[in-house]
Amino acid sequence: MSGIRITKLLATATLVAGVAASLQGCILALGAAAGGGALVATDRRTVGSQTEDREIQVKALAQLHSDLPDDSHVNVSVFNQRVLMTGEVPDEQSKQKADAIVRNITNVGSVANELAVQPSVDFSSRTNDSYLEGRVKTALIAEKGISANNFKVVSERGIVYLMGLVTVDEGNRGADAASRVPGVMQVVKVFQYIQPEDVAAANAAASASGASGAAASAQPPAADEPTVGAVPDSSVTSQPLQQQAPAPVVNSTTVHPAGASQ
């Protein structure tokens with residue numbers, strides 16, 4: 001086995017293990033916060049849906065990093081069985097291959113393929129994206145009329161993607177808040193919308209899920225990454241947000257049901 005192949009396998013294994021650990025840490029941290037009264041963690045997905053999302057993410061990352069070219073940089077975010085792929089691939093063929101891989105994974109409901117056909121970005125760009133995710137989460141926490149826990153934030157090359165089960169009004173408020181964060185180039189809405197009359201039922205289910213998760217958790221909370229954490233890092237929240245002209249806000253045009261041709 002070549003050195004490149006060994007390195008790739010090790011990198012894949014490390015990445016998958018890290019994703020699983022960070023997601024577990026997120027759940028434990030939210031449960032502990034709810035139990036301590038400092039933060040009531042909510043997630044409008046059912047417990048079964050959250051479990052499926054974690055399984056889809058781990059499977060997708062493993063297959064993509066195994067089957068795509070070594071110079072690909074693909075991130076996978078999953079919310080309520082909707083898969084968002086962001087990052088860079090070297091050619092259109094790789095982009096379509098990634099799409100086919102994810103669509104064939106069990107329980108995937110829809111796919112948003114936002115991969116860019118271009119060289120992979122450098123480390124400084126990825127670091128900036130992680131920073132932006134934290135700043136956007138801070139802005140969502142400060143925004144009145146919405147709960148930041150109902151949003152999943154992903155940043156790639158300064159473009160912020162927002163996922164979640166939200167009403168149209170909540171989605172618009174969240175997107176507007178994100179668009180005013182300095183450094184954000186564009187906001188792309190990848191939401192799944194619910195009706196206002198369904199919010200109470202969704203929040204009740206979220207509260208029940210949070211309570212059961214807190215009762216089942218016996219381990220201390222683990223440190224989480226900005227891309228999946230419910231609360232940004234303290235070093236980010238301590239910095240005041242500056243105002244800027246709002247970045248453009250658009251709807252994703254790449255969302256398609258799994259198995260459907262684009």
Side-chain angles (χ1 to χ4, degrees), residues 16 19-20 23 26 42-68 72-89 92-117 133 136 140 146 149-157 159-172 174-175 178 186-196 198-199 201-202 205-206 209 227-228 249-262:
V16 171
V19 167
L23 287 171
C26 178
T42 59
D43 193 322
R44 288 173 176 170
R45 296 172 295 175
T46 64
V47 173
S49 179
Q50 294 176 51
T51 301
E52 287 180 352
D53 286 352
R54 292 192 296 273
E55 293 176 349
I56 290 170
Q57 185 180 36
V58 170
K59 290 177 182 177
L61 284 171
Q63 293 185 37
L64 290 169
H65 282 268
S66 173
D67 296 346
L68 293 182
S72 300
H73 163 232
V74 181
N75 292 319
V76 176
S77 304
V78 189
F79 195 96
N80 203 44
Q81 287 73 67
R82 172 168 290 181
V83 179
L84 168 66
M85 289 188 293
T86 57
E88 304 83 36
V89 288
E92 185 64 29
Q93 182 180 0
S94 298
K95 180 176 180 177
Q96 296 306 318
K97 185 174 184 178
D99 205 84
I101 289 172
V102 171
R103 289 175 184 277
N104 286 328
I105 296 176
T106 304
N107 294 325
V108 170
S110 60
V111 178
N113 189 345
E114 296 283 349
L115 291 171
V117 178
E133 287 172 1
V136 170
L140 293 175
I146 60 174
N149 290 317
N150 292 328
F151 295 81
K152 188 177 187 68
V153 181
V154 180
S155 178
E156 199 77 58
R157 302 183 307 280
I159 302 173
V160 170
Y161 300 88
L162 297 178
M163 306 179 77
L165 286 170
V166 297
T167 65
V168 171
D169 180 65
E170 290 172 335
N172 289 339
Q186 185 181 56
V187 177
V188 180
K189 295 188 285 188
V190 200
F191 295 127
Q192 291 169 283
Y193 291 109
I194 60 176
Q195 297 301 317
D198 297 328
V199 169
S209 298
T227 52
V228 294
V249 177
V250 300
N251 292 309
S252 174
T253 60
T254 67
V255 180
H256 298 280
S261 59
Q262 297 195 43

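When a residue number appears, it is its place in the shown sequence, counting from 1.
- Listed for the Lys189 side chain is no donor-acceptor partner under 3.5 Å among the backbone atoms of Gly174.
- Contact of the Val190 side chain with the Lys152 side chain is not registered, since no non-hydrogen atoms from C-beta on lie closer than 4.5 Å.
- In this structure, Thr254 OG1 and Lys95 NZ are separated by 7.5 Å, a value rounded to the nearest 0.5 Å.
- Among all heavy-atom pairs drawn from Asn251 and Tyr193, the shortest one is OD1-OH, 4.3 Å.
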Verdict with reasoning, Val78 to Met163, per side-chain contact (heavy atoms from CB on, under 4.5 Å): CA-CA 9 Å; Val78 189; Met163 306 179 77; over 6 Å; no
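- From Ser110, atom OG reaches atom CG of Leu84 across 10.0 Å, with rounding to the nearest 0.5 Å.
- Between Val188 and Val160 there is no side-chain heavy-atom pair separated by less than 4.5 Å.
- Side-chain contact between Gln192 and Arg45 is absent, with no heavy atoms from C-beta onward closer than 4.5 Å.
- Counting only N and O atoms by type, the side chains of Glu170 and Asn150 include no donor and acceptor under 3.5 Å apart.
- When all heavy atoms of Met85 and Val111 are compared, the pair lying nearest together is CE-CG1, 4.0 Å.
- Counting heavy atoms from C-beta on, the side chains of Ile146 and Phe151 come closer than 4.5 Å.
- Contact between Gln81 and Asn107 at its shortest, heavy atoms only, is CG-O, 3.1 Å.
- With rounding to the nearest 0.5 Å, the separation of CD in Gln186 from OG in Ser155 is 11.5 Å.
- At least one side-chain heavy atom of His256 sits less than 4.5 Å from a side-chain heavy atom of Arg103.
- Of all heavy-atom pairs between Leu115 and Glu88, the closest is CD2-N, 4.4 Å.
- Across all their heavy atoms, Ala175 and Val249 have their closest contact at CB-CG1, 3.7 Å.
- Using a 4.5 Å heavy-atom cutoff, the side chains of Leu165 and Phe79 are in contact.
- Listed by first and then second residue, the salt bridge (Lys or Arg N to Asp or Glu O under 4.0 Å) pairs that reach into residues 105-116 come to none, sequence neighbours excluded.
- Checking Val74, Val117, Val89, Asp99 one by one against Ser94, the side chain to side chain contact (heavy atoms under 4.5 Å, CB included) holds for a single residue, Val89.
- Checking side-chain atoms of Asn80 against main-chain N and O of Arg82 turns up no donor-acceptor pair under 3.5 Å.
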Under the side-chain contact (heavy atoms from CB on, under 4.5 Å) criterion, do Ile194 and Val166 qualify, and how do the steps go? CA-CA 6 Å; Ile194 60 176; Val166 297; 5.8 Å; no
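- Here Ile101 contributes atom CD1 and Leu68 contributes atom CG; the two are 5.0 Å apart, rounded to the nearest 0.5 Å.
- Between the CD atom in Gln96 and the CG atom in Asn113 there is a gap of 6.5 Å [rounded to 0.5 Å].
- Atom NZ of residue Lys59 and atom CG of residue Asn104 lie 12.5 Å apart, to the nearest 0.5 angstrom.
- A side chain to side chain contact (heavy atoms under 4.5 Å, CB included) with Val76 is found for exactly one of Leu64, Ile56, Val102, namely Leu64.
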